[in-house]
Participant: 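For reference, the structure I am asking about is given below.
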Amino acid sequence: MRKTWLLSALLLATIAGGSYGLYLYLRPAPLPEQLLYGNGHIEGTEVRVAVEVAGRVVESRIDEGVTVTKGDLLLRLDDADFILRKEQAEAGVEARRREREQAERELQVWRHHYETAERELSRYRELGKRGTVSPQRVEQEENAFRNAQGRVGALEAEIGAIEGRIEAARKELALVANQVKKTRVFTPVSGTVLAKTIEVGEFAQPGRTVAILADLSRIELKVFIPEKDIGKVKLDASARVRVDAFPDRLFEGRVARVDQQAQFTPRDIHMPEERTRMVFGVTLVLDNPDGVLKPGMPADAWILWGSGTRWPPQLFVPQ
């Protein structure tokens, strides 16, 4: 009986020791001291391209996943109505110019009449003083002078008003010409087309998004570091990132920004026990020359801190 108890105790001790040894063997190694870990989602600066005038799409060069260069034509709207309005505005400017030319010619004639009437009035006033002409004749010359003077003033005012109408017509023409240009939508930045939101034949209203672009050659990842460790993070510190889509590949990056105010850990952080702690956001800039990293991808990141430290042979997510 005693032997049975001894054997049982020995067996239990062996099992317990083996279990503990297996636990020690399988337990994940702690994160190396020179590393800080964080996770988040890949982010890119998105640019939503929208139309500024209404029109039906007659040509589209938007293809998802294609890289475009700033200034490339993305979309063309039907510009027939705008062209007609532009021609109408041009005709309006020309009509105002002809109106001004006619008034200027008439003004030249009346200025000549004014100068003649002024000379005649001066002469008849002198004759009137001598008594060689009647006062009625002098009054006739005064009336002729005032008529010419009034007509010159009226024509000068009319030409000034015509100039105002010409300026308004020119601005209307410039506005319509600008609308004609806006029927062609060009790429505002160089980048990759993430989404196409309109097709040929659809009618676009001003403000409608037709494409979403992003510069995927330089993307960002925001991770959250516990408050106790934020003093270790330095700008331009080296970082490495791994995404689920490429588990065997590490992407190089660096620390670009560190938030100046702490916050509670966002709810999308993977480890629940970390969600109630105060953390600082740290933004990493990643090199993505082949564009394989896409906005929205979940990612793990490691930041190397401390002078003279090196990257360990393997990187793993701490448990």
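Everything numeric in this text was worked out from a predicted model, so none of it was measured. Position 1 is the first residue of the sequence; numbering continues from there.
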Participant: Tell me whether E115 is salt-bridged to R111, with the criterion being a basic N under 4.0 Å from an acidic carboxylate O.
Facilitator: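 Answer for the salt bridge query: no.
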Participant: Is it true that R105 and Q102 share a donor-acceptor pair across their side chains at a distance under 3.5 Å?
Facilitator: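 Per modelled atom types, Q102 and R105 side chains form a pair under 3.5 Å.
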Participant: Using modelled atom types only, decide if a donor and an acceptor are shared between the side chain of S122 and the backbone of E118 within a distance under 3.5 Å.
Facilitator: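 Between the backbone of E118 and the side chain of S122 there is no qualifying donor-acceptor contact (under 3.5 Å).
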Participant: Any ion pair linking R240 and E252 (charged N to carboxylate O, less than 4.0 Å)?
Facilitator: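 Counted as a salt bridge, because a side-chain N and a carboxylate O are separated by less than 4.0 Å.
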Participant: State whether the side chain of N288 and the backbone N or O of V292 hold a donor-acceptor pair below 3.5 Å, judged by distance alone.
Facilitator: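 Side chain of N288 to backbone of V292, a donor-acceptor pair under 3.5 Å: yes, one is there.
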Participant: Counting neighbours of CZ on R165 that are heavy atoms of other residues, nucleotides or ligands and sit closer than 6.0 Å, is the number greater than 12?
Facilitator: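 Yes, because the 6.0 Å sphere around CZ of R165 holds more than 12 heavy atoms from other groups.
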Participant: Taking NZ, NE, NH1 and NH2 as the nitrogens, is one of them in D229 or K232 under 4.0 Å from a carboxylate oxygen of the other?
Facilitator: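 Answer for the salt bridge query: yes.
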Participant: Any donor and acceptor pair, going by atom type alone, linking the side chain of T187 with main-chain N or O of D72 inside 3.5 Å?
Facilitator: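 Flag set: sc T187 to bb D72 pair under 3.5 Å.
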Participant: Taking the side chain as every heavy atom from C-beta outward, state whether L284 and I303 have any pair of such atoms under 4.5 Å apart.
Facilitator: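 The answer is yes, as the side chains (C-beta and beyond) meet within the 4.5 Å cut-off.
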Participant: Between E120 and R123, does at least one N-O distance fall below 4.0 Å, as a salt bridge requires?
Facilitator: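 Looking at E120 and R123, the cut-off is met.
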Participant: Could you tell me whether E106 and R151 make a salt bridge, using a distance below 4.0 angstrom between a side-chain N and a carboxylate O?
Facilitator: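 Looking at R151 together with E106, the answer is yes, because their closest N to O distance falls below 4.0 Å.
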Participant: Any donor and acceptor pair, going by atom type alone, linking the side chain of R96 with main-chain N or O of A168 inside 3.5 Å?
Facilitator: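 Here the side-chain-to-backbone pair does not exist.
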Participant: Is any side-chain N of the basic residue among R184 and E59 closer than 4.0 Å to the acidic one's carboxylate O?
Facilitator: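 Judged by the 4.0 Å cut-off on N to carboxylate O distance, R184 and E59 do not form a salt bridge.
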Participant: Check the pair E104, I159 against side chain to side chain contact (heavy atoms under 4.5 Å, CB included), reporting the backbone distance first and the verdict last.
Facilitator: CA-CA 7 Å; E104 287 175 343; I159 290 174; 3.7 Å; yes
Participant: So does V200 get a backbone contact from the side chain of S60, meaning a donor-acceptor N/O pair under 3.5 Å?
Facilitator: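 Between the backbone of V200 and the side chain of S60 there is no qualifying donor-acceptor contact (under 3.5 Å).
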Participant: What is the minimum heavy-atom distance between D215 and S190, and which atoms define it?
Facilitator: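 For D215 and S190, the tightest heavy-atom pair comes out as CB-O, 4.1 Å.
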Participant: Counting N and O atoms only, with roles assigned by atom type, does the side chain of T197 sit under 3.5 Å from a partner on the main chain of T209, one being a donor and the other an acceptor?
Facilitator: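 Confirmed, T197 side chain pairs with T209 backbone.
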Participant: So with a 6.0 Å cut-off around CD of Q88, is the heavy-atom count from everything else above 12?
Facilitator: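 Incorrect, the count does not exceed 12.
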Participant: I'd like to know if R97 pairs up with E94 as an ion pair, taking the criterion as any Lys NZ or Arg NE/NH1/NH2 lying under 4.0 Å from an Asp or Glu carboxylate oxygen.
Facilitator: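 Answer for the salt bridge query: yes.
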Participant: Which atom names give the shortest non-hydrogen contact between W302 and F316, and what distance separates them?
Facilitator: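 The answer is NE1-O, 3.0 Å.
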Participant: Before giving the answer on side chain to side chain contact (heavy atoms under 4.5 Å, CB included), spell out for L194 and E64 the whole-Å C-alpha distance, their side-chain angles and the decisive distance to 0.1 Å.
Facilitator: CA-CA 6 Å; L194 299 183; E64 294 182 358; over 6 Å; no
